[in-house]
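Remarks on the structure that follows.
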Amino acid sequence: MSEAPSQPPNSGVKSMDAIMALCKRRGFIYQASEIYGGINGFWDYGPLGAQMKKNLRDAWWEDIIMLPCGGAKGPDGEPVSIVPLETCIIQHPKVWEASGHLSGFSDPMVDCRETKARYRYDHVQVFVPAGGAPTEKPSFAYISDTPSEAKQRKKAEKTLGAVKSVLLMEIPTDQWSRIVAPDAEKVGTLTEPKQFNLMFKTYVGATASEDDVAYLRPETAQGIFVQFKNVVDTTRVKVPFGIGNIGKSFRNEVTPRNFTFRSREFEQMELEFFCHADQAREWYAFWKKQRMEWWRSLGLAGDNLRLRDHQTDELAHYAKAGAGVCDIEYRFPFTAPGFGELEGVAHRGNFDLTQHEKHSRIKMQFHDKDRGELLPNGQRKGEWYTPDCIEPAAGLDRGVLALICEAYTVDPARPSPEFMKFHPRIAPIKAAVYPLRNKDGLPEIAEKLHADLQKKYGRLGAIEYEAKQNIGKRYARMDEAGCPFCFTIDADTPTAGTVTVRDRDTGNQERIGIDKVVAFLGEKLGV
RNA sequence: GCGGGCGUAACUCAAUGGUAGAGUAUCAGUUUUCCAAACUGAAUGUUGAGGGUUCGAAUCCCUUCGCCCGCUCCA
């Protein structure tokens with residue numbers, strides 16, 4: 001695949017090339033449009049991958065929405081309340097204006113290395129000597145109608161005498177080393193202009209005029225905020241409660257890389273949990289803990305999973321004053337020894353609801369009847385407020401990739417030196433039923449057991465049946481697919497009524513009654 | 001976006017500018033039956049794509065697409 005230096009032996013780091021090869025070989029993940037040479041940043045899921053991804057999506061849906069946190073109580077001592085929502089990929093363009101996604105991301109921008117400020121390239125102007133003669137002295141950039149204009153003019157006149165103003169665009173970038181950025185002290189801190197079209201643009205309607213521009217959503221979260229009022233008005237939810245939303249999002253990444261880790265089309269599982277600002281800290285801590293436990297429960301246990309709190313200087317605009325932001329990170333083979341983000345848990349304050357209230361002029365507050373002063377009749381007066389929001393936002397594709405990387409195991413001593421240790425809940429194939437011999441009535445018994453298992457558990461994942469080839473080969477195939485259990489009908493089955501159960505991870509076998517197989521598998525699958 | 005590396009069958013890889021091949025995997029059959037056994041046979045390629053040089057290109061040149069690595073980017 002590549003000539004990249006392989007990891008040193010015994011480093012404990014798995015080979016990403018080998019994982020990608022297995023993913024293709026067994027039908028987990030294919031390159032999108034591969035027969036046409038592929039398309040950068042897009043991936044398709046094969047039969048096993050599609051089932052596995054559904055299993056992970058279902059696990060989130062079940063554990064976040066249907067039975068939040070397994071029935072655990074929230075910090076307020078009450079059961080956690082979550083409702084589902086499914087919102088559109090294309091929203092009104094004003095949604096992205098309000099959220100801040102649109103401003104500054106459809107035009108070329110320049111960054112200031114000193115102040116970290118970002119300016120629209122076509123808005124930046126520069127004070128240069130009025131004569132226009134080349135000079136070694138610094139010139140001064142500013143944005144008109146901002147405080148930087150007067151400040152920079154003063155500095156420029158002091159340094160250069162008479163000045164005139166030109167657009168930054170008119171000055172070649174190789175002369176930018178003498179420019180002082182609008183809010184900077186030093187010269188030469190502006191980066192070259194870059195296009196940041198992170199959002200995919202499209203047109204609504206068949207005429208495709210510039211008036212019809214719309215965008216594919218870069219996150220699912222905004223759909224929740226936009227429908228917050230409808231959910232509050234039409235259901236009986238009371239703060240604190242959450243809204244969960246799963247779906248595709250799109251970002252025109254500058255550099256899609258690392259298999260499915262950074263792709264341009266990806267699926268998110270986002271929860272926005274609304275609570276009163278007074279309780280934000282408790283709920284933030286609660287969700288941090290819950291989300292870590294959830295990933296652990298699916299097999300990402302151990303050192304490869306960690307929780308990392310963001311430093312103050314990397315906090316997003318909406319989170320400066322909040323309870324915090326953290327990432328749940330996984331040590332992917334391509335990030336090792338570092339980590340890559342799997343899920344972000346953020347206290348967003350009430351930034352989003354406030355923004356949408358401003359832009360739509362629709363009141364986004366919640367009337368909380370359990371707050372406010374106590375009335376003589378024993379009830380509360382009630383209080384209007386814009387709830388704060390805790391956002392655990394997970395990447396579904398990244399989750400699948402992490403589970404694949406974690407499950408991938410190499411053991412040269414085995415007939416199948418590579419195998420996938422999927423948690424039974426995630427495994428795309430739940431079990432296989434094999435007659436040891438393809439005769440003597442064994443296939444008939446196996447087919448019956450296969451039908452029983454399929455009827456009972458076929459909705460959760462595939463149940464395999466195969467009578468051909470020797471048994472070792474069939475086991476090996478299931479090892480690579482990550483199937484946790486193989487039930488084998490052998491010569492003793494017709495007389496003793498027992499089958500063998502082969503455990504994928506150990507290769508060990510035990511005999512159980514054929515009438516116990518359905519219950520055995522149900523217990524292992526946790527259903 | 002910049003720099004480097006690499007593209008041959010599903011996978012791993014061969015093939016001096018001169019008939020595109022092997023092993024594995026897949027499929028069918030025989031035999032065997034608890035860990036990728038053996039035998040027989042089948043199918044599989046616009047050599048990433050498009051141009052050029054040449055009597056002749058997987059091989060040399062150009063363009064482009066994709067993948068990997070390092071920068072950059074990632075509100």
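Just so it is clear: chains get the letters A, B, ... in the order the sequence lines come, proteins before strands, and each one is counted from 1.
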Subject >> Side-chain donor or acceptor of A:E480 paired with backbone N/O of A:F419 under 3.5 Å >> reply: no
Original post:
Between A:K468 and B:A28, does any side-chain N or O lie under 4.0 Å from OP1 or OP2?
Top reply: yes
Original post:
Heavy atoms under 4.0 Å, any strand shown: does A:R257 hit a base, just sugar-phosphate, or nothing?
Top reply: base
Subject >> Sub-6.0 Å ring centroid separation between A:F273 and A:W283 >> reply: yes
Original post:
Does the base of B:C35 carry an N or O that pairs as donor and acceptor with the side chain of A:R502 under 3.5 Å?
Top reply: yes
**OP:** Calculate the interatomic distance between A:F42 atom CZ and B:G66 atom C1'; express it in whole Å.
**Re:** 14 Å
Original post:
Considering only side-chain heavy atoms of A:T500, which listed nucleotide, B:C34, B:G66, B:C69, is closest?
Top reply: B:C34
Original post:
Considering only heavy atoms, which members of residues 429-439 of chain A lie under 4.0 Å from some atom of RNA chain B?
Top reply: A:L436, A:R437, A:N438, A:K439
Subject >> Those residues that, when tested against A:W295, pass ring pair (Phe, Tyr, Trp, His ring centres under 6.0 Å) (two or more places apart) >> reply: none
Subject >> A:F28/A:Y45 aromatic ring centres below 6.0 Å >> reply: no
Original post:
Nearest nucleotide by nearest heavy atom, which residue falls closer to the 5' end of RNA chain B, A:R25 or A:A467?
Top reply: A:R25
**OP:** Please say whether the positively charged group of A:R502, taken as NZ for Lys or CZ for Arg, lies over the ring of A:Y475, i.e. under 6.0 angstrom from the six-membered ring centre and within 45 degrees of the axis.
**Re:** yes
**OP:** Round to a whole Å and report the spacing from CD of A:E34 to C1' of B:C11.
**Re:** 12 Å
Subject >> Salt bridge flag under 4.0 Å for residues A:D505 and A:K421 >> reply: no
Original post:
Looking at A:E329 and A:R308, does any basic side-chain N land under 4.0 Å from a carboxylate oxygen?
Top reply: yes
**OP:** Map A:G41 and A:R262 onto RNA chain B by nearest heavy atom, then report which one ends up closer to the 5' terminus.
**Re:** A:G41
Original post:
So, is the end of the A:R264 side chain (NZ or CZ) under 6.0 Å from the ring centre of A:F200 and within 45° of the ring's axis?
Top reply: no
Subject >> A:L22 CG to B:A36 P, straight-line distance once rounded to whole Å >> reply: 18 Å
**OP:** Report the nucleotide, chosen from B:A36, B:C34, B:C69, that has the shortest atom-to-atom distance to any side-chain atom of A:D490.
**Re:** B:C34
Subject >> Integer-rounded Å distance: B:C34 P and A:R414 CZ >> reply: 18 Å
Subject >> B:G5 and B:C73, which share atom name P, separated by this distance in whole Å >> reply: 24 Å
**OP:** Provide, to the nearest angstrom, the distance between the NZ atom belonging to A:K24 and the C1' atom belonging to B:U12.
**Re:** 13 Å
Original post:
So what does the secondary structure string of RNA chain B come out as, 5' to 3', with Watson-Crick or wobble pairs under 3.5 angstrom, [ ] for crossing and | for pairs with another strand?
Top reply: (((((((..((((....[..)))).(((((.......))))).....(((((..]....))))))))))))....
**OP:** Between protein and nucleotides 37-49 of chain B, map the contacts as a letter string: B base, S sugar-phosphate only, - none, heavy atoms under 4.0 Å, written 5' to 3'.
**Re:** B------------
Original post:
Between B:G17 and B:G23, how far is it from one C1' atom to the other, in whole Å?
Top reply: 27 Å
Subject >> Same-atom distance (C1') from B:U32 to B:A38, integer angstrom >> reply: 9 Å
Original post:
Between A:W43 (CH2) and B:G66 (P), how many Å, whole number?
Top reply: 11 Å
Original post:
So what does A:F419 hit on the nucleic acid, given a heavy-atom distance under 4.0 Å: a base, only sugar-phosphate, or nothing?
Top reply: nothing
Subject >> Minimum side-chain heavy-atom gap A:T202-A:Y215 below 4.5 Å >> reply: no
Original post:
Hey, does the side chain of A:E270 reach the backbone of A:N245 with a donor-acceptor pair shorter than 3.5 angstrom?
Top reply: no
**OP:** Consider the side chain of A:Q509, meaning its heavy atoms from C-beta on, and name the nucleotide among B:A75, B:C34, B:U26 that approaches it most closely.
**Re:** B:C34
**OP:** May I ask you to say what A:R511 touches in the nucleic acid, namely base, sugar-phosphate or nothing, with a heavy-atom cut-off under 4.0 Å?
**Re:** nothing
Subject >> Nearest-neighbour nucleotide for the A:A476 side chain, B:C34, B:C68, B:A36 considered >> reply: B:A36
**OP:** Please list all pairs passing the salt bridge (Lys or Arg N to Asp or Glu O under 4.0 Å) test where one or both residues lie in residues 435-445 of chain A, with sequence neighbours left out.
**Re:** A:R437-A:D440
Original post:
Distance-only, no hydrogens or angles: does the A:N470 side chain make a donor-acceptor pair with backbone N or O of A:K473 under 3.5 Å?
Top reply: yes
**OP:** Give the rounded distance in Å between these two atoms: CZ of A:F487 and P of B:C34.
**Re:** 20 Å
**OP:** Take atom C1' in B:A9 and the same atom in B:A14, then report the distance between them in whole Å.
**Re:** 13 Å
Original post:
When you compare B:C2 with B:U72, how far apart are their C1' atoms, in angstrom units rounded to a whole number?
Top reply: 8 Å
Original post:
Among B:A75, B:C34, B:G66, which is the nearest nucleotide to the side chain of A:Q31?
Top reply: B:G66
Subject >> Nucleotide of B:A36, B:A75, B:C67 approaching A:P218 most closely (side-chain heavy atoms) >> reply: B:A75
Subject >> Counterpart residues, side chain to side chain contact (heavy atoms under 4.5 Å, CB included), relative to A:A431 (two or more places apart) >> reply: A:I463, A:F487, A:L521
Original post:
Base, sugar-phosphate alone, or nothing: which one does A:E418 contact when heavy atoms must sit under 4.0 Å apart?
Top reply: nothing
**OP:** Quote, to the nearest angstrom, the C1' distance that separates B:U33 from B:U16.
**Re:** 49 Å
Original post:
Taking the six-membered ring for Trp, are A:F250 and A:F266 ring centroids under 6.0 Å apart?
Top reply: no
Original post:
Taking the P atom of each, how far is B:A57 from B:U40, in whole Å?
Top reply: 37 Å
Original post:
When you compare B:U59 with B:U53, how far apart are their P atoms, in angstrom units rounded to a whole number?
Top reply: 15 Å
**OP:** To the nearest Å, give me how far apart CD (A:E466) and C1' (B:A36) are.
**Re:** 14 Å
